[in-house]
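Below is one structure, written out as structure tokens; the observations come after it.
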Amino acid sequence: MYSGHNPSALRSRDQIVKAMLSLLEKTPYDKISISKLAQQAGVSRQTFYQIFESQEQVLQYKLDSIYEGYQEQLKQRKEYTMHVQVGLYFKIYAENMSFFNALLDNGQVNILLQSSLRYMKMLQQNHQLPNKKYTAYSYPFVAGGLLQVLIAWHQQKPKDQVSIEELIQISEQLLENNYFLEA
């Protein structure tokens with residue numbers, strides 16, 4: 001993936017990402033060819049391959065941008081609690097709902113999971129956790145759990161969906177082991 005600072009290349013990169021998002025809204029992911037993507041972005045195939053290696057890398061770049069914003073928001077917080085982490089996770093989802101929904105609708109769960117795992121691992125390594133012994137298990141548990149809650153919510157009919165705030169509460173209760181206790 002391109003990592004330079006050439007303004008023309010950066011513009012092309014942004015156009016490709018925007019084109020991918022636009023195509024995902026109306027075209028199944030497996031039907032989006034490099035040619036179609038380049039054409040939609042207004043760049044040549046050669047330009048595409050100078051910036052990205054594949055369609056998946058375009059998605060990964062967008063996810064990285066989103067999760068880097070998530071990390072920055074967490075760094076600005078004075079305390080790193082489960083409430084803050086879960087709340088921001090779903091807030092980031094809500095802010096990028098059309099992109100995440102397009103990925104879920106197109107069966108791109110694995111790229112979401114891999115990104116969530118990578119960023120949860122970074123977050124937990126950058127914060128003082130009470131028990132570092134279990135870090136190797138905690139970040140996959142949190143990343144996978146939050147993503148699965150998001151998938152379950154996404155699969156419900158809009159009239160049956162709880163609000164994002166309720167989703168946060170449910171997730172916190174699950175992670176704090178309070179969900180299965182009697183009320």
Side-chain angles (χ1 to χ4, degrees), residues 1-76 84-126 139-140 142-155 161 164 167-168 171:
M1 182 167 28
Y2 180 77
S3 60
H5 302 290
N6 179 306
S8 178
L10 295 175
R11 250 188 326 277
S12 293
R13 180 190 64 200
D14 293 344
Q15 288 171 241
I16 293 167
V17 172
K18 187 176 178 181
M20 175 60 91
L21 299 178
S22 175
L23 286 169
L24 272 177
E25 290 178 7
K26 55 188 178 246
T27 308
Y29 177 74
D30 60 353
K31 302 287 186 215
I32 299 174
S33 65
I34 298 296
S35 295
K36 186 182 275 189
L37 184 53
Q39 181 182 15
Q40 178 83 15
V43 301
S44 68
R45 282 175 46 92
Q46 180 181 356
T47 299
F48 176 90
Y49 282 115
Q50 288 173 343
I51 298 170
F52 294 108
E53 294 175 16
S54 65
Q55 297 98 317
E56 186 174 310
Q57 199 174 51
V58 177
L59 298 177
Q60 189 61 60
Y61 172 79
K62 177 66 177 170
L63 283 167
D64 287 347
S65 299
I66 291 169
Y67 282 117
E68 285 168 12
Y70 174 65
Q71 265 191 310
E72 282 305 310
Q73 288 186 44
L74 279 174
K75 283 181 187 176
Q76 294 171 9
V84 169
Q85 184 175 352
V86 170
L88 279 176
Y89 182 87
F90 288 114
K91 179 183 173 211
I92 295 294
Y93 168 79
E95 290 171 355
N96 298 278
M97 192 177 290
S98 62
F99 175 63
F100 282 103
N101 286 347
L103 291 178
L104 292 172
D105 290 341
N106 280 281
Q108 297 302 306
V109 174
N110 193 47
I111 193 168
L112 283 170
L113 179 59
Q114 294 309 313
S115 293
S116 291
L117 284 169
R118 191 170 57 255
Y119 281 95
M120 288 295 172
K121 182 178 181 179
M122 279 190 250
L123 287 171
Q124 291 189 7
Q125 288 173 342
N126 293 334
Y139 74 84
V142 172
L146 290 177
L147 180 59
Q148 288 300 322
V149 167
L150 196 61
I151 291 167
W153 184 78
H154 173 76
Q155 290 173 341
Q161 289 178 336
I164 290 287
L167 205 56
I168 292 168
S171 298

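One-based numbering along the sequence shown. These figures come from a predicted structure and were not determined experimentally.
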Practice task
For residues Asp105 and His154, determine if any side-chain heavy atom of one lies less than 4.5 Å from a side-chain heavy atom of the other.
Solution key: yes
Problem - For Gln148, side chain to side chain contact (heavy atoms under 4.5 Å, CB included) partners two or more places apart - result: Ile151
Problem - Contact list for residues 89-115, test ring-ring contact (aromatic ring centres under 6.0 Å, His included), sequence neighbours left out - result: Tyr93-Phe100, Tyr93-Trp153
Exercise for the section: Not counting sequence neighbours, list each pair that qualifies as a side-chain hydrogen bond (donor to acceptor under 3.5 Å, both in side chains) and has a residue in residues 10-20. Expected result: Arg13-Tyr61
Completion exercise
The side-chain hydrogen bond (donor to acceptor under 3.5 Å, both in side chains) partners of Lys31 (sequence neighbours excluded) come to none
Handout entry: Within-4.5 Å side-chain heavy-atom neighbours: Leu59 and Lys62
Key = no
Handout entry: Pairwise distance CD(Glu72) to CG(Leu88) - rounded to 0.5 angstrom
Key = 12.0 Å
Problem - Tyr119 OH to Ile92 CD1 distance, which is reported to the nearest 0.5 Å - result: 12.0 Å
Fill in the blank from the handout: Rounded to the nearest 0.5 Å, the CG atom of Asn106 sits from the CG atom of Leu23 at a distance of 10.5 Å
Fill in the blank from the handout: Nearest heavy-atom contact between Phe48 and Gln55 is CZ-N, 4.2 Å
Problem - For Lys91, salt bridge (Lys or Arg N to Asp or Glu O under 4.0 Å) partners two or more places apart - result: Glu95
Handout entry: Minimum-distance pair of heavy atoms, taken over all atoms of Val149 and Ser171
Key = CG1-OG, 3.6 Å
Handout entry: For Ala9, side chain to side chain contact (heavy atoms under 4.5 Å, CB included) partners two or more places apart
Key = Tyr2, Asn6
Practice task
Supply the atom-to-atom distance Ile16 CD1 to Leu21 CG, rounded to the nearest 0.5 angstrom.
Solution key: 12.0 Å
Handout entry: Check: Gln40 and Ile32 side chains under 4.5 Å, non-hydrogen atoms
Key = no
Completion exercise
Taken in chain and number order and not counting sequence neighbours, the residues that satisfy salt bridge (Lys or Arg N to Asp or Glu O under 4.0 Å) with Asp64 are Arg118
Handout entry: Closest approach of Gly87 to Ile168 (non-hydrogen atoms, all atoms of both residues)
Key = CA-CD1, 3.8 Å
Exercise for the section: Kindly state each residue pair satisfying side-chain hydrogen bond (donor to acceptor under 3.5 Å, both in side chains) with at least one member in residues 44-54, sequence neighbours excluded. Expected result: Ser35-Arg45, Ser44-Thr47
Problem - Side-chain heavy-atom pair Leu24, Met20 within 4.5 angstrom cut-off - result: yes
Completion exercise
Taken in chain and number order and not counting sequence neighbours, the residues that satisfy side-chain hydrogen bond (donor to acceptor under 3.5 Å, both in side chains) with Ser116 are Tyr67
Exercise for the section: Decide yes or no for Leu63 and Leu103: does some side-chain heavy atom of the first lie under 4.5 Å from some side-chain heavy atom of the second? Expected result: yes
